[in-house]
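Notes to accompany the following structure.
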Protein chains: 2
Amino acid sequence: MERLMTDAEITAAWSDICKVLNKDQDELKGDILSHIGNKWSLFVIHAWGIDGKMRFSNLESHVNGISQRMLTKCLRELERDGLVSRAVYAEVPPKVEYELTSLGRGLLVQVTPLWFWIAKHADELKNAREEYAKSRGMQ
Amino acid sequence: MERLMTDAEITAAWSDICKVLNKDQDELKGDILSHIGNKWSLFVIHAWGIDGKMRFSNLESHVNGISQRMLTKCLRELERDGLVSRAVYAEVPPKVEYELTSLGRGLLVQVTPLWFWIAKHADELKNAREEYAKSRGMQ
DNA sequence: CAGGATCCGCTCTGATACTG
DNA sequence: CAGTATCAGAGCGGATCCTG
């Protein structure tokens, strides 16, 4: 599952990358980004790495710091975009299970390299910030 | 550069995925996501697929619809996080060149699978939305 | 050319309170 | 348990004007 690329691979893949970047479905990309690109969506999707079926309160406790309002909103959007399915059980107390659709699982998988990358470059990322802060502080 | 995974591969990779998902560097992830989750950052980074060195006006014309204010702000943030470097030339008229750092190129590469995926599933994504709209409209 | 500064509407968020 | 409703504040984002 180590899918990070070397610099050489990056160089080799560059033209392919550019192709995608230019495929101007910009509108669609914007749409997708507007949903996965909000503060919480990716973290919420993230949570299904733990279990295939998640209840509301379950998600709430796994996504650190999310408010119930935002979780609700986020789930509705994900549902609307076909990434998550929602099953309501007519029980008392109420029970609602959320699952990733195959589309949603696909997205999770695509995003995973990003998590790997962040984990791998954590120090670099942190240092970059600190150095920037220092250099600005001196001025 | 075709890096989409099959369902079988996904299943096989799942435990690895979960490991990363739990590595709780949540704060750091949040930082990175603040870029992904910002309306413009990814599109701006995106632009460097075209050329390694970009000037301000160049970026402005490649990122559709961005205002000068937001481009400025976005560039500052990317610089702060060590993803972009900035070179000022003491000329008249002024000239400033922005480049992705190796960290920035890394991020671009990690995000690329996501663009591929969006491009590949564009129809599915659009359909999912339309069906959702329909089913809600009927109620 | 590459922005900094300012004004302003709007949306996004979080807290709190309430419901089936 | 799984939400909905409401409200207030912070920040986003655009337009405009200005500068080295």
Side-chain angles (χ1 to χ4, degrees), chain A residues 26-27 29-44 47-48 51 53-81 84-99 132 136 139, chain B residues 26-27 29-48 51 53-81 84-100 136 139:
Chain A
D26 271 6
E27 195 190 337
K29 287 178 185 168
D31 269 10
I32 303 299
L33 280 190
S34 76
H35 294 298
I36 66 161
N38 78 47
K39 193 172 173 183
W40 298 111
S41 296
L42 280 188
F43 279 117
V44 171
W48 273 282
D51 194 350
K53 297 193 178 190
M54 297 290 274
R55 300 183 57 175
F56 190 91
S57 52
N58 221 234
L59 288 165
E60 202 170 2
S61 65
H62 275 299
V63 179
N64 212 299
I66 195 170
S67 70
Q68 161 253 42
R69 175 178 152 77
M70 285 303 112
L71 180 53
T72 301
K73 200 184 150 214
C74 188
L75 286 170
R76 294 289 169 281
E77 286 171 358
L78 292 172
E79 195 193 348
R80 192 198 59 179
D81 289 357
V84 157
S85 67
R86 189 189 134 131
V88 184
Y89 297 85
E91 296 176 5
V92 178
K95 179 176 168 185
V96 180
E97 277 181 350
Y98 295 91
E99 252 182 296
Y132 185 84
R136 301 292 270 194
Q139 282 173 13
Chain B
D26 273 5
E27 194 191 338
K29 287 178 186 168
D31 283 352
I32 302 299
L33 281 192
S34 76
H35 288 302
I36 298 183
N38 154 320
K39 190 173 175 183
W40 298 111
S41 295
L42 276 192
F43 281 115
V44 172
I45 291 178
H46 203 221
W48 273 282
D51 193 350
K53 297 194 177 188
M54 298 289 276
R55 300 183 59 174
F56 191 90
S57 52
N58 222 235
L59 288 165
E60 204 170 2
S61 65
H62 276 298
V63 179
N64 215 299
I66 195 170
S67 70
Q68 165 252 32
R69 175 179 151 77
M70 284 303 114
L71 179 53
T72 301
K73 200 182 150 216
C74 188
L75 286 169
R76 294 290 168 280
E77 287 171 358
L78 292 172
E79 196 193 347
R80 188 198 59 181
D81 287 359
V84 158
S85 66
R86 190 188 135 135
V88 184
Y89 296 85
E91 296 176 6
V92 179
K95 180 176 167 184
V96 179
E97 277 181 350
Y98 294 91
E99 253 182 295
L100 286 181
R136 300 291 270 194
Q139 280 174 13

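All of these numbers come straight from a predicted model, not from anything done at the bench. First the proteins, then the strands, lettered A, B, ... as listed; each starts at 1.
A:Tyr89 comes within 4.0 angstrom of nothing in the nucleic acid, heavy atoms only. Looking at heavy-atom distances under 4.0 Å, A:Gln68 makes contact with a base.
Mapping A:Trp40 and A:Pro94 onto DNA chain C via the closest heavy atom, the residue that lands nearer the 5' end is A:Trp40. With DNA chain C read from its 5' end, the first of the two nearest nucleotides for B:Asn58 and A:Ser67 is the one closest to B:Asn58. Across the interface with DNA chain D, nearest-nucleotide mapping of A:Arg69 and A:Val96 shows A:Val96 to be the residue nearer the 5′ end.
First and last contacts of DNA chain D with chain B, using any nucleotide atom under 4.0 Å from a protein heavy atom and ordered 5' to 3', fall at D:dC12 to D:dG20. If you walk DNA chain C from 5' to 3' and mark each nucleotide with an atom closer than 4.0 Å to a heavy atom of chain A, the marks span C:dT13 to C:dG20.
Here B:Glu99 pairs with nothing under the side-chain hydrogen bond (donor to acceptor under 3.5 Å, both in side chains) rule; sequence neighbours left out. Looking at residues two or more places apart in sequence or on another chain, you find a side-chain hydrogen bond (donor to acceptor under 3.5 Å, both in side chains) between A:Arg80 and A:His35. Every residue two or more places apart in sequence or in another chain was checked for a side-chain hydrogen bond (donor to acceptor under 3.5 Å, both in side chains) with B:Ser41, and none qualifies. Partners of B:Ser67 under the side-chain contact (heavy atoms from CB on, under 4.5 Å) rule, at least two apart in sequence or in another chain, are B:Arg69, B:Met70.
Note on residues 85-94 of chain B: pairs passing side-chain hydrogen bond (donor to acceptor under 3.5 Å, both in side chains), not counting sequence neighbours, are B:Tyr89-B:Glu97.
Direction change of the helix axis from one end of the helix from C:dC1-D:dG20 to C:dG20-D:dC1 to the other is 50°, with five pairs defining each end axis (rounded to 10°).
Looking only at side-chain heavy atoms (C-beta outward), B:Leu75 and B:Leu59 come within less than 4.5 Å of each other. Residues A:Thr72 and A:Phe56 have side chains in contact (heavy-atom distance under 4.5 Å, counting atoms from C-beta outward). Taking the side chain as every heavy atom from C-beta outward, B:Leu71 and B:Val63 never approach each other to under 4.5 Å.
B:Cys74 contributes atom SG, which lies 11.5 Å from atom CD of B:Glu79 (distance to the nearest 0.5 angstrom).
In terms of modelled atom types and a separation under 3.5 Å, the side chain of A:Trp48 and the main chain of A:Tyr98 share a donor-acceptor contact.
Atom NZ of B:Lys95 has more than 12 heavy atoms from other residues, nucleotides or ligands within 6.0 Å.
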